[in-house]
S.K.: 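Handing you this structure, nothing more for now.
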Amino acid sequence: MARHGAGRHPQAFMRNVIMAIILSATALCAGAQESDGFKYSDEKFADLQMLRYRVDGFESLPLQEKKLIYYLSQAGLSGRDILFDQNCRYNLRIRRMLETVYTDYKGDRGSKDFQAMTEYLKRVWFSNGIHHHYGCEKFKPGFSREFFRKALLSVDKKKLPLAKGQSVEQLIAEVFPVIFDPTVMPMRVNQKDGDDLVLTSACNYYGEGVTQADAEAFYSAQKAEGDAQHPIMYGMNSRLVRENGELKEKVWRSGGLYGAAIDRIIYWLGKAREVADTPQQAEVISTLIDFYKKGDLKTFDKYSILWVRDTLSRVDFTNCFTESYGDPLGMKASWESIVNFKDIAATARTEKLSANAQWFEDHSPVDPRFKKEKVKGISAKVITAAILGGDLYPSTAIGINLPNSDWIRKEYGSKSVTIGNITDAYNKAAHGNGMLSEFVIDQATIDNINRYGDACDELHTDLHECLGHGSGKLLPGTDPDSLKAYGSTIEEARADLFGLYYIADPKLTELGLTPNGEAYKSEYYTYMMNGLMTQLVRIQPGNNIEEAHMRNRAMIAHWIYEHGKADKVVELVKKDGRTFVRINSYPALRTLFGKLLAEVQRVKSEGDYEGARRLVEDYGVKVDPALHAEVLARYKKLNISPYKGFINPEYVPVKDAQGNITDIEVRYGESYEHQMLRYSRDYSFLPYVNE
Ligand code: ZN
């Protein structure tokens, strides 16, 4: 649904979601998450679990970079309410009502109603609104109208978001249907074919009464007049409204819509500019400030180009209207921010792979006709996130690839990063969730996964991203789109197989990327277990596998299973009525990965649509209902939350007697609710009632 789909690297984004299963498979051992004294896992509620991430390396940054991160993190938190309002025009008011009752209610706080309201509020904080962050459906409150009405009437009305002259009863009459009536604003983003997607979506990107046809006509007219070679991101930074019968854009900028929050962002960006890493970065920040001031989308393109070209600054950030998943038409961009700095050691790892790209291409098991004579590896930058804001908080991606503008990507390239400390936090939090002891066949395999799983999983991702996608070539005359709907599954399979084949190669030990010839087995086991069994926990009973990354994993695992059957390379065995994957020969498994890589590359290089269709349909789509039911039942017992999000660290300036900042301290101890209430107190700059 995104117009470009680039922003969150699809792989990374999916991994973010699938993570819960794969990564929970690559770790074990109760209490392991506490092993380095850091509390990665925090509270669980509804279908959510809160995690924490560590900002390793922050303490040893120079003071200038610490200040830069601090100022950018303030800018990154100042736009929080923009996203709440973008998601639904009642969100800010509902949040304020809930928070006031939560902090000030004098009645029975142990009652079922109060407890249910607390959970509802925690979900609203998490989703930046009253709709599910992933599924988009409106939450069902577990507390009664009557309870909430009485509670609202019992608190100081000065703390409630009343419009001018409005009584509390009038506020209740206006807002309660939005909370309690399931037919009012049921979906934040409605994608149902045939509906008027604008009228039926609760998001706040279009004013009342604006229809899908209105919006489409309005923007086609803009596009027809614009520069077709270098199109701006039409409609990206505004709400489209009807005023006096005419359609017009209310632009999000200083002095315009969301201006009060944007002014705070501009203020902090100004402070950051004074301590920028490089003159180029100072120019990036100046251009962004200029964009926030005027809202001109040509300035936004200029900013994007400067940002892509700034590769020397160690500290980097995004802070803008970025992703369009929240708009049913995929044009309006939700506000988000991340502040980060380069993880030098981890980036050296990907540079090593990329420096040896030609060796990997030359030694791969694919037909020489399909190999590149000259291959260039991609050196993915690994970053350490320092703060998450807006649409990246608390739920976040583990990789980012920006900018979104297609022509800028083509002419100037893009920055692709993986967020190392977020991946690490997912891994660490999965330790001890019971997944391994439930699904892995024996203790020796569990021990191996426990020892090497996290590192090999990261290495597999590096191989996939830095080498896999870039390897191989199409035969002359092959249409790159000839695999059609199977194209993305085949492409992901190609990159995964490249990684699987090479993770077992002695070359990696020689390069110092794997410790020994045993480590790769952890990745082989978890990959097969995931593809054959555990990823099924994301599929509803009776459904097929639809999503490309899941199809790719199922396809690889099932193809290998079938083709190794005669030699019993991989088996599904029963122990005490439970099914387990058993790998009898790891070297034979590697040979099979190599064979499939050769076949998948052939399919891609020749544009063999029929070959692609058979691979995907025969191995990647269908689900064995009995095994599926068994996996679901076993998973359910583990009580693992399907979605995770992050509590941010807190940055506290240390000042001398003159008020100069002498250091910035990073603190991790804050609870989820404390952080959310603090953000609501310190970063609420927008009026509650819609302009
Ligand atoms: Zn990929």
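Counting convention: from 1, in listed order, for ligands and their atoms alike.
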S.K.: Nearest to the Zn ion (ligand 1), which N, O or S atom of E492 do we find?
M.R.: OE1
S.K.: Ring of Y426, cation from R52 - is the NZ or CZ under 6.0 Å from the centre and inside 45° of the axis?
M.R.: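 Checked: cation-pi criterion not met.
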S.K.: Measure from NZ or CZ of R590 to the centre of the six-membered ring of Y501, then state whether that distance is under 6.0 Å and the direction lies within 45° of the axis.
M.R.: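 Yes - R590 lies over the ring of Y501, closer than 6.0 Å to its centre and within 45° of its axis.
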S.K.: Looking at the Zn ion (ligand 1), is there an N, O or S atom belonging to H469 that lies under 2.8 Å away from it?
M.R.: yes
S.K.: Specify whether an N/O/S atom of E491 falls short of 2.8 Å from the Zn ion (ligand 1).
M.R.: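 E491 does not place any N, O or S atom closer than 2.8 Å to the Zn ion (ligand 1).
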S.K.: Examine K484 relative to Y609 and say whether NZ or CZ is less than 6.0 Å from the centre of the six-membered ring and inside a 45° cone about the ring axis.
M.R.: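 Pair K484/Y609 counts as cation-pi.
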S.K.: Do L51 and Y40 have side chains that approach each other closer than 4.5 Å (heavy atoms only, starting at C-beta)?
M.R.: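 Counting from C-beta outward, L51 and Y40 never come under 4.5 Å.
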